[in-house]
Amino acid sequence: MPLDRYVRQMRYTNMGETGQLKLGASRALICGCGALGSVIANTLARAGVGRLRIVDRDFLELNNLQRQVLYDEPDVIAGLPKAVAAKAKLQQINSEIEVEAIVADLHAENIAGLLEGVDAILDGTDNFETRFLLNDASLRFNIPWVFGGCIGAEGQTMTIVPGMTPCFRCLIQEPPLPGSTPTCDTAGIVAPIVNVVASIQACEALKILSGNVAAVNRALTVLDLWDNRIRQVQLDSLRDSNSCPACQRREFSWLNRQRGSHSAVLCGRNAVQLTFSERSPIVLDQLAPRLAAAGRVEHNRYLLRFWIDDFVLTVFPDGRAIIGGTNDVAVARTLYAKYVGA
Amino acid sequence: MRIVLNGEPRDAADNLLLSELLVSLQLDSSRVAVEVNEKIVPRARHATHSLKEGDRLEVVTFVGGG
């Protein structure tokens, strides 16, 4: 494969042709392709990371375009899942790399398969349950991961390299209680913090994937672009406190399914996701006419949307659903049982 | 005594324990990271770490959006 398109990147001494070739032979898993994931995927595709595997459970809405830079209005009109729209855009950006789009929720049952052949994990998720699962999987399978989170104009990022840095659970032992932290819904978000945090994450990935893991940042970066605060929190003192349940005692509670739940209230969406480990697949072409008697239905090969009263049900072929118009899991389950079936 | 919390000066009782400060801020020790004078204090030491005049604290609460 000619490397002409990467000539400026290779001229950077710390990358060079050696680093570029390693990027081309590497695979990154991008977990969530919303705001952070969009910027990360865009950057890594342009940089020539040879294989990108993108996992996202969500579909596009107009209010995503303010900050999710991979997507355009036609993607929203087409009602595409984010992973599918991302793949199409990324292949236009760089047709020489391989992009896999996986429309699915990331959970303890599927994470091992998704990590096959992966050299770095990029966090573009919107919730702590999944991040604790990523931390467990990173340690269990010895694959570095790069945490990123943001809200308002505030953001945080940290790189976890098993055996070399403290892990995420050294830093924070328990996920914040649901409802205790601001969400995109309550606090809003401005796009620049996303771009900054995701760009730092992407650069950490470039270091890991180009064979420069020693260059990763050992500190937690905390930024607030509105209050003009940028800080590096040194984490060395966490390394000698030998008490971490995850990286010291290797208790992987999220990976082993002792922690974490299947139903989740989606960040900033007034929506609940329902997933089922035992459910048989749904044929959308058969479900659509059945629901059409009760309300408006639209569907494509990736998903079906059904409007009823003040709710919108989005159903995926694997049985997963996102119930919009409520933050109440019980209400969501009732609607699903009533219209899709238990 | 005076301490500085997330950039803001404030009063605190002499020898206040870090864990006591977190309780007064209604913060759960297991869900935040605390830096005192630019050194992170491991969670196991929150209950024994007493604060001193002029200490500069940063309490990091984690943000989850993405």
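The sequence lines fix the lettering, A, B, ..., with proteins before strands; numbering per chain opens at 1. Below, each value reflects all heavy atoms present in this structure, side chains not excepted, and no hydrogens, waters or symmetry copies. Please read all numbers here as calculations on a predicted model, not as lab measurements.
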Least distance between heavy atoms, B:P42 atom then A:S237 atom: CG-O, 3.7 Å

Taking every non-hydrogen atom, the tightest pair across A:I172 and B:F62: CD1-CD1, 3.5 Å

Test item: A:Q156 and B:V60 side chains (from C-beta on) under 4.5 Å apart, heavy atoms: yes

Contact leader toward chain B among A:Q234, A:R131, A:Q173, where contacts are heavy-atom pairs under 4.5 Å: A:Q173

Top contributor to chain B interface from A:V222, A:D227, A:T125, A:I193 [non-hydrogen pairs under 4.5 Å]: A:T125

Does [atom1] belonging to [X] count more than 12 external heavy atoms closer than 6.0 Å?
X: B:Q26; atom1: CD; result: no
X: B:E38; atom1: CD; result: no
X: A:Q258; atom1: CD; result: yes

Using 0.5 Å steps for rounding, measure from the [atom1] atom of [X] to the [atom2] atom of [Y].
X: A:L238; Y: B:R43; atom1: CG; atom2: CZ; answer: 7.5 Å
X: A:E174; Y: B:S29; atom1: CD; atom2: OG; answer: 11.0 Å
X: B:E58; Y: A:L220; atom1: CD; atom2: CG; answer: 11.0 Å

Which portion of A:V194 sits near chain B, non-hydrogen atoms under 4.5 angstrom: neither

Which portion of A:Q68 sits near chain B, non-hydrogen atoms under 4.5 angstrom: neither

Could you list the donor-acceptor pairs under 3.5 angstrom formed by side chains in residues 34-45 of chain A, with sequence neighbours left out?
residue : atom : partner : partner atom : Å
A:S38   : OG   : A:G34   : O            : 2.8
A:N42   : OD1  : A:R46   : NE           : 2.6
A:T43   : OG1  : A:V39   : O            : 2.7

